Amino acid sequence: MTVQVQFFSYFKQLATEDPLTLVLPQHATVEDLLTCLRTRYPKLATLNRSTLVAVGVEYAAPNQVLHEADVVSLFPPVQGG
Amino acid sequence: MTVQVQFFSYFKQLATEDPLTLVLPQHATVEDLLTCLRTRYPKLATLNRSTLVAVGVEYAAPNQVLHEADVVSLFPPVQGG
Amino acid sequence: MTREIRLTSEQIVESSWIASRPILVDSGACVCFVGSVRGTEHGAPILGILYEAYDAMAQHQFHKILDQIESRWPIQSIRLVHRIGRVCAGQPSIVVEVTSTHRAEAFEACQFLIEEMKQRVPIWKQPLL
Amino acid sequence: MTREIRLTSEQIVESSWIASRPILVDSGACVCFVGSVRGTEHGAPILGILYEAYDAMAQHQFHKILDQIESRWPIQSIRLVHRIGRVCAGQPSIVVEVTSTHRAEAFEACQFLIEEMKQRVPIWKQPLL
């Protein structure tokens with residue numbers, strides 16, 4: 001399946017493309033997507049536990065299963081106000 | 001000694017005069033003043049424990065000793081805001 | 001801490017109030033409280049409230065509360081205006097503004113000021129029917 | 001509960017903001033928070049802050065917080081405006097306004113909204129040197 005990955009804040013500078021289109025195996029999870037990104041894009045290797053992940057407009061847990069055409073967002077801790 | 005007594009809020013309606021001039025023995029306390037008022041002005045007999053007393057611009061305890069020319073204020077619980 | 005305490009029989013105009021906010025360096029947080037006269041009391045409609053104050057004592061007691069606040073929180077500015085006299089339902093009767101570098105102390109000090117006022121500051125109200 | 005959530009790249013003009021406050025029956029208490037950009041960060045001077053948001057998600061997360069507030073406190077109205085883009089030091093970056101019948105819940109809900117925003121709403125900042 002194909003998903004789109006978008007980056008916010010300083011994560012934009014770590015990504016080679018934004019948004020990035022990624023082909024993943026069926027039933028791939030958020031964790032699988034992060035592993036795939038770390039392997040394929042060395043700059044994104046710094047993505048760690050404090051990375052926040054959203055699928056659409058909701059936060060997603062590492063074990064959440066992705067679906068075709070999902071828009072996945074990666075960003076550092078938020079700082080509104 | 002002579003002190004002035006002033007009333008606020010609905011206490012004004014209980015007082016025959018406002019301000020009221022009262023002659024008290026030397027070393028009279030706030031409590032003495034209240035007793036005197038209750039005796040001399042029957043309408044003020046309702047003055048009770050929830051009555052607030054100030055001498056000048058400070059709250060006064062029942063045992064506070066009064067002085068010549070003090071301005072004593074009597075009023076019900078406050079309700080600003 | 002800069003401070004302004006005002007009891008007034010004139011209408012509180014919030015826009016003028018804001019326009020007169022002191023310019024402060026590095027004040028990140030401003031907490032405002034606007035208290036208005038509600039149109040009902042104990043379920044029955046009222047036209048407004050008549051406020052009465054013992055002016056000199058009210059000023060003094062407000063300043064004592066501000067002294068306490070100043071010794072407790074790093075506040076940059078407090079302004080307060082309280083209406084006296086007739087205030088129609090829907091109109092503001094009090095505006096409090098607390099400015100500080102960070103927000104936590106501004107919220108705490110603002111609430112503390114209102115709570116203490118209701119205990120100590122000689123202001124009374126009477127519904128206008 | 002009436003609600004308005006706005007992310008804007010335009011300057012926040014507090015007087016217009018107040019003028020557009022909804023007219024509410026029996027709202028006795030209005031708590032406003034104005035957060036401004038400070039001129040220093042970690043002790044060093046800055047010109048301002050560049051705010052970035054994931055707009056659709058920010059709106060969604062704000063509304064989820066308001067849903068929580070609505071289920072927890074009897075609030076009549078919440079309005080929030082948050083700046084996006086360059087905000088100069090001294091300028092407001094956020095204004096929150098919470099209106100209710102009594103003040104305790106307005107203070108609580110206003111602080112809750114800000115705390116939750118800082119945990120969940122996708123907005124980021126970057127100092128402008």
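What you see is a predicted model, and the numbers here were worked out from it, not measured in a lab. The sequence lines fix the lettering, A, B, ..., with proteins before strands; numbering per chain opens at 1.
No side-chain donor-acceptor contact under 3.5 Å links R103(C) to the backbone of G35(D). Although no hydrogens or angles enter the test, the distance criterion places no donor-acceptor pair under 3.5 Å between the side chain of R38(D) and the main chain of S27(C).
Surrounding CZ of R3(C) are more than 12 heavy atoms belonging to other residues, nucleotides or ligands, all under 6.0 Å away.
Options T40(D), V34(D), I18(D), I94(D) differ in how many heavy-atom pairs under 4.5 Å they form with chain C, and the most are formed by V34(D). For the set I23(D), V31(D), L24(D), V96(D), the entry with the most heavy-atom pairs within less than 4.5 Å of chain C is V31(D).
Here D26(C) contributes atom CG and S36(D) contributes atom OG; the two are 10.5 Å apart, rounded to the nearest 0.5 Å. Here OG of S15(C) is found 11.0 Å from CD of E14(D). Values are rounded to the nearest 0.5 Å.
Within residues 105-129 of chain C, the residues approaching chain D closer than 4.5 Å by heavy atoms are, in numerical order, F107(C), C110(C), Q111(C), I114(C), E115(C), K118(C). Contacts between residues 42-72 of chain C and chain D, counted as heavy-atom pairs separated by less than 4.5 Å, involve no residue at all.
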